[in-house]
2 protein chains.
Amino acid sequence: MSGMRIGEVAQASGTTTKTLRYYEEFGLLPAADRTPAGYRDYGLDVLDRLDFIGRGQAAGLTLAQIGQVLDIRDRGQAPCQHVTDLLDTRLEVIDRQLAELAQLRAKIADLREDAAAGDPATCSPEDVCRYL
Amino acid sequence: MSGMRIGEVAQASGTTTKTLRYYEEFGLLPAADRTPAGYRDYGLDVLDRLDFIGRGQAAGLTLAQIGQVLDIRDRGQAPCQHVTDLLDTRLEVIDRQLAELAQLRAKIADLREDAAAGDPATCSPEDVCRYL
DNA sequence: ATCGACCTTCCAGGGCACTGGAAGGTCAAG
DNA sequence: CTTGACCTTCCAGTGCCCTGGAAGGTCGAT
């Protein structure tokens, strides 16, 4: 009873064959069984795994982080504690990024406002452009 | 009357010799004069230019974008119109990023809240971890 | 003469998650 | 038998901005 070939898995999971092979090489997917001809032969469980990987990606986790979670699970443990830690860290990072981005936005908006008010002719060569 | 060597320029501008050589190769800085020994010999004007590059970087412009502005200026034109366009585009991008990041933050905060409330034992293997 | 701080060029890597392409094997249908 | 869709591996490149390191030349002071 043979399972899915890589193209079917790609289609079913909404990714590409390239990506699946990359995930395997990266260690996110276990080495797939092979047909006599050497084709990868996947079971249905790979779809759950890919779904989890997708959820992790959607939460902005890196493949390396997702891999850690998967490894814990593969060792038979519940990765929940690790996941919550990851989420906490992620929140901190995002809050920092939001703050930085808001600050940058304000700065650029200021520059833009000056530019709207000013006269381009007042740019001096040593400034290159005084609007920046 | 010789000017500054690359190390002095690096120090005066708060960057590194590596970066200065990279900027030259990338086209942000004109090829510097050379001393008889082949050392780069910079005039004071390079500091204005580096200051502008720094301002552009601080506004989140890419080196390629900064290079465009510098090219316009080098052709003797006022790059102000181009700069304001760049700033407008930059604002749009940042607003999109802010919105995406805020959405992501909300999503992760939700996940995290579920995790705080739930029981890790309810994770099933096909979920890998239900907190994600 | 020699030391150490500087300078030169050139090549390679790194982080992240793929993506492209070449060269070739396999399979089912017509 | 041929076509075309699929599969395989391996290598290299993308984008961005540097950064590291090797191998060697130059300068000023001791």
Side-chain angles (χ1 to χ4, degrees), chain A residues 2-29 31-42 46 49-50 52-70 86 89-90 93-94 97 100 104, chain B residues 2-29 31-42 46 49-50 52-70 86 89-90 93-94 97 100 104:
Chain A
S2 86
M4 292 172 290
R5 274 165 303 149
I6 197 170
E8 294 178 81
V9 174
Q11 192 155 24
S13 63
T15 172
T16 68
T17 59
K18 281 285 192 191
T19 300
L20 292 173
R21 279 187 280 259
Y22 173 73
Y23 283 177
E24 180 178 314
E25 187 196 5
F26 189 78
L28 291 184
L29 297 180
D33 289 344
R34 298 295 177 126
T35 67
Y39 288 10
R40 284 176 181 78
D41 186 24
Y42 292 95
V46 76
R49 204 171 172 95
L50 286 168
F52 177 79
I53 294 171
R55 294 192 326 263
Q57 293 243 73
L61 301 183
T62 65
L63 293 188
Q65 290 173 320
I66 296 168
Q68 284 173 12
V69 177
L70 254 6
L86 241 26
T89 305
R90 194 79 192 95
V93 171
I94 288 179
Q97 287 179 332
E100 279 169 22
L104 183 57
Chain B
S2 87
M4 294 172 289
R5 274 164 305 146
I6 197 169
E8 295 178 83
V9 174
Q11 193 155 24
S13 62
T15 172
T16 67
T17 59
K18 281 285 191 190
T19 300
L20 292 173
R21 280 187 279 257
Y22 173 73
Y23 282 178
E24 178 178 314
E25 188 196 3
F26 188 76
L28 291 185
L29 297 180
D33 289 345
R34 299 294 179 128
T35 66
Y39 289 10
R40 284 176 181 78
D41 186 23
Y42 292 95
V46 77
R49 204 170 172 94
L50 286 169
F52 177 80
I53 293 171
R55 295 192 326 264
Q57 294 243 73
L61 301 182
T62 65
L63 294 188
Q65 289 174 322
I66 296 169
Q68 285 173 13
V69 176
L70 253 6
L86 241 26
T89 305
R90 193 81 192 95
V93 171
I94 289 179
Q97 288 178 333
E100 279 168 23
L104 183 57

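None of the values given here were measured: they were computed from a predicted structure. Chain naming here is simple, since letters A, B, ... match the order of the sequence lines and numbering starts at 1 in each.
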**Q** Base, sugar-phosphate alone, or nothing: which one does A/Arg5 contact when heavy atoms must sit under 4.0 Å apart?
**A** sugar-phosphate
**Q** Could you say whether B/Lys18 or B/Thr62 is positioned toward the 5' end of DNA chain D, judged by the nucleotide with the nearest heavy atom to each?
**A** B/Thr62
**Q** Do A/Tyr22 and A/Leu63 come close enough that some side-chain heavy atom pair is under 4.5 Å?
**A** yes
**Q** Taking the side chain as C-beta and beyond, is there a heavy-atom pair between A/Leu29 and A/Leu50 under 4.5 Å?
**A**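 The answer is yes, as the side chains (C-beta and beyond) meet within the 4.5 Å cut-off.
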**Q** Mind checking whether A/Arg90 and A/Ile94 have side chains closer than 4.5 Å, heavy atoms only?
**A**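 Counting from C-beta outward, A/Arg90 and A/Ile94 do come under 4.5 Å.
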**Q** Just how far, in rounded Å, is C1' of C/dC11 from CZ of B/Arg21?
**A** 14 Å
**Q** Could you report the tightest heavy-atom contact between B/Gly3 and B/Asp41, atom names first, then the distance?
**A** N-OD1, 2.8 Å
**Q** Expressed in angstrom and rounded to an integer, what is the separation of A/Glu25 atom CD from C/dC16 atom C1'?
**A** 14 Å
**Q** Using heavy-atom distances to pick each residue's nearest nucleotide on DNA chain D, tell me which of B/Ala64 and B/Tyr39 is more 5'.
**A** B/Ala64
**Q** Are the side chains of B/Gln97 and A/Gln97 in contact, using a 4.5 Å heavy-atom criterion?
**A** no
**Q** Could you state the atom-to-atom distance from OH of B/Tyr22 to P of C/dA12 in whole Å?
**A** 17 Å
**Q** Would you indicate what B/Gln57 reaches in the nucleic acid, counting non-hydrogen atoms under 4.0 angstrom: base, sugar-phosphate, or nothing?
**A** sugar-phosphate
**Q** Calculate the interatomic distance between A/Leu61 atom CG and C/dC16 atom P; express it in whole Å.
**A** 13 Å
**Q** Mind checking which nucleotides bracket the chain B contacts on DNA chain D, 5' to 3', with an atom under 4.0 Å from a heavy atom?
**A**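 The footprint of chain B covers D/dC17 to D/dC27.
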**Q** Please give, in whole Å, the distance from C/dT19 P to A/Glu24 CD?
**A**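 So the two atoms are 17 Å apart, to the nearest Å.
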**Q** Evaluate the side-chain proximity of B/Glu8 to B/Arg5: yes if any heavy-atom separation is below 4.5 Å, no if none is.
**A**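 They are in side-chain contact.
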**Q** A quick test of your reading: do over 12 heavy atoms of other residues, nucleotides or ligands sit less than 6.0 Å from CD of B/Gln11?
**A** no
**Q** Please tell me which of A/Phe26 and B/Ala37 maps to the more 5' nucleotide of DNA chain C, matching each residue to the nucleotide holding its nearest heavy atom.
**A** B/Ala37
**Q** Relative to the 5' end of DNA chain C, which residue comes earlier, B/Gly7 or A/Pro36, by the nucleotide with the nearest heavy atom?
**A**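 Per heavy-atom nearest nucleotide, the more 5' residue is B/Gly7.
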